[in-house]
Amino acid sequence: MVTLPRTEQRILRSRAENREYRIFVAKPDVEPPPSGYPVIYLLDANSVFGTMAEAIRLQSRRPEKTGVVPAVIVGIGYDTEGPFSNARYYDFTMPVPAAELPQSPRGTEWRELGGADAFLKFIEEDLKPEIEREFSIDRGRQTIFGHSLGGLFVLHALFTRPGTFHTYVAGSPSIHWGKRILLEEERQFASRLEKEPCSVRVLLAVGEREKDHHSHMNDNAKELAERLSALASRGVRVKFHEFEGEGHVSVLPVLISRALRFASEGDQQLEVGRS
């Protein structure tokens, strides 16, 4: 058994639904700045927490060279030894009519779905207060990172509760999953910004080899980035990356490294581009 330095795990239940989560925490080895530590909330932690914890442990030692500052990493996972749990299908998805769901890879009916709002409530009302009791946290520098269905959840959180985080990282987001509903949430988000501008930063990223997937994942993400870039005057800063030679899973290590730097950057105008 290998233990990553300055990390720990705990079990936390949601008060609203009594659902159980395994929470992974990586602690910086420096004192917090006067404003508190930045914090990154990481979905699917069973599969990627170790990668992100090691990446920030190495890169934050020399922030003047890497652009990555020390931050608390809070991974949200499940009580399983596997990389994923079927519980994520409930936590990361919005309620979608059965006729609009993509086909299950195994050709069977999808399991329990549609709990994204309850999961977001768990993060905001149960998890964040526990982390903030333990650490001095800068609430103005909170990031959420999700990939695939986790990326879909990140976009749902952005469009419905944009003040919950400051930086949103959606890797290979499953926009095709209930696309009509997500587009309506996006429309309402843009309309709301006309009256109430906000300051958010969004990183949308995919692997180049995902472009041939039947879901049109790359096109969907790039088109969304282009639409969001039109909201710059209302406080939305967006960047799009397509990582050369990477697929749906292999993109994760390079995306994590890029996300750490993106989360550490100050507010500035970003453009839609290609990496």
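Worth knowing before you read on, the calculation uses all heavy atoms, side chains too, and leaves out hydrogens, waters and symmetry mates.
I123 and P129 get closest at one heavy-atom pair: O-CD, 4.4 Å. The minimum heavy-atom distance linking A221 with V206 is given by the pair CB-CG1, 3.9 Å. For the residue pair R88 and H147, the shortest heavy atom distance occurs at NH2-O, 3.9 Å. Here the closest heavy-atom approach between residue Y78 and residue D91 is recorded as OH-OD2, 2.7 Å. In this structure, R234 and A190 approach most closely via the heavy-atom pair NH1-O, 2.8 Å. Shortest non-hydrogen contact noted between A116 and M94 is CB-N, 4.2 Å.
Counting heavy atoms from C-beta outward, F189 and L228 have side chains that approach closer than 4.5 Å. For the pair L252 and T51, the minimum side-chain heavy-atom distance is 4.5 Å or more. At a threshold of 4.5 Å between non-hydrogen side-chain atoms, the residues R261 and T66 do not count as touching. L42 has its side chain out of reach of F24: every pair of non-hydrogen atoms, C-beta onward, lies at least 4.5 Å apart. A 4.5 Å side-chain heavy-atom check between R57 and P5 finds at least one atom pair inside the cut-off. In this structure the side chain of M217 never reaches within 4.5 angstrom of the side chain of N220, judged on heavy atoms. Counting heavy atoms from C-beta on, the side chains of Y168 and V200 come closer than 4.5 Å. Counting heavy atoms from C-beta on, the side chains of C198 and L193 come closer than 4.5 Å.
Remark: of the listed residues R19, E17, E112, E17 is the sole one forming a side-chain hydrogen bond (donor to acceptor under 3.5 Å, both in side chains) with Y90. Each of D138, V25, T143, V74 was evaluated against V39; a single residue qualifies, V74, per the side-chain contact (heavy atoms from CB on, under 4.5 Å) test.
Legend: residues meeting ring pair (Phe, Tyr, Trp, His ring centres under 6.0 Å) with Y37, ordered by chain and number and at least two apart, are absent.
Relative to the six-membered ring of F262, R201 meets both conditions, a distance below 6.0 Å and an angle of at most 45° to the axis. Under the 6.0 Å distance and 45° angle rule, K128 counts as a cation-pi partner of F165.
The pair R192-E185 does not meet the salt-bridge criterion, since no charged nitrogen lies less than 4.0 angstrom from a carboxylate oxygen. Salt-bridge check for K211 with E242: failed, with every basic side-chain N at 4.0 Å or more from each acidic carboxylate O. Under the 4.0 Å criterion applied to side-chain N and carboxylate O atoms, E265 and K239 are not assigned as salt-bridge partners.
Dense packing is recorded around CZ of R6, with more than 12 heavy atoms of other residues, nucleotides or ligands lying under 6.0 Å away. More than 12 heavy atoms of other shown residues, nucleotides or ligands fall within 6.0 angstrom of atom CD in E194. Within 6.0 Å of atom CD in E64, more than 12 heavy atoms from other residues, nucleotides or ligands are found, so the atom counts as buried in its surroundings. By the 6.0 Å contact criterion, CZ on R13 is enclosed, its count of non-hydrogen atoms from other residues, nucleotides or ligands being greater than 12. Within 6.0 Å of CZ in R209 there are 12 or fewer heavy atoms belonging to other residues, nucleotides or ligands.
S148 contributes atom OG, which lies 14.5 Å from atom CZ of F153 (distance to the nearest 0.5 angstrom). Rounding to the nearest 0.5 Å gives a distance of 15.5 Å between CZ of R237 and CG of L203. Distance CD/E226 to NZ/K222: 6.0 Å, rounded to 0.5 Å. With values rounded to the nearest 0.5 angstrom, H248 atom NE2 is found 7.0 Å from H213 atom NE2. Summarising the geometry, atom OG1 belonging to T160 is positioned 10.5 Å from atom CG belonging to L155; distances are rounded to the nearest 0.5 Å. The distance from the CG atom of L224 to the CG atom of L183 is 8.5 Å, given to the nearest 0.5 Å.
Using bins of under 30°, 30° to 60° and over 60° for the plane-to-plane angle, the ring pair H214/H176 lands in the perpendicular bin.
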What verdict does the side chain to side chain contact (heavy atoms under 4.5 Å, CB included) test give for Q9 and I23, after you've listed the backbone C-alpha separation in whole Å, the side-chain angles of each residue and the deciding distance to 0.1 Å?
CA-CA 6 Å; Q9 299 181 27; I23 304 302; over 6 Å; no

Decide side chain to side chain contact (heavy atoms under 4.5 Å, CB included) for L127 and L12; before the verdict, give the C-alpha distance in whole Å, the side-chain angles of both, and the deciding distance to 0.1 Å.
CA-CA 8 Å; L127 179 56; L12 185 64; 3.9 Å; yes

As a quick check of understanding, evaluate side chain to side chain contact (heavy atoms under 4.5 Å, CB included) for K65 and Q59, giving each step before the final call.
CA-CA 9 Å; K65 292 185 176 295; Q59 296 186 40; over 6 Å; no

The test is side chain to side chain contact (heavy atoms under 4.5 Å, CB included); show your working for E246 and E208 and say whether it passes.
CA-CA 6 Å; E246 304 299 346; E208 180 190 30; over 6 Å; no

From CA spacing to verdict: salt bridge (Lys or Arg N to Asp or Glu O under 4.0 Å), E124, K121:
CA-CA 5 Å; E124 192 68 5; K121 183 177 182 179; over 6 Å; no

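Under the 4.5 Å side-chain heavy-atom criterion for Ile, Leu, Val, Met, Phe, Trp and Tyr, V69 and I56 are members of distinct hydrophobic clusters. The cluster map of Ile, Leu, Val, Met, Phe, Trp and Tyr, joined by side-chain heavy atoms under 4.5 Å apart, puts F84 and I256 in different clusters. Cluster annotation: L182 is connected to V202 through the hydrophobic network of ILVMFWY side chains, with a link wherever side-chain heavy atoms come within less than 4.5 Å.
You'll find the ring centres of Y41 and F145 outside the 6.0 Å limit.
When only modelled atom types and interatomic distance are considered, E210 and S172 share a side-chain donor-acceptor pair under 3.5 Å. Residues D117 and H156 have side chains that bring a donor and an acceptor to within less than 3.5 angstrom of each other.
The backbone N or O of F243 sits nowhere less than 3.5 Å from a side-chain atom of H241 that would complete a donor-acceptor pair. Between the S257 side chain and the V254 main chain, no donor and acceptor come within less than 3.5 Å of each other. Between the side chain of Q142 and the main chain of R139, a donor-acceptor pair closer than 3.5 Å is present.
Applying the salt bridge (Lys or Arg N to Asp or Glu O under 4.0 Å) definition to pairs two or more places apart or across chains, those involving residues 157-181 are E100-R180.
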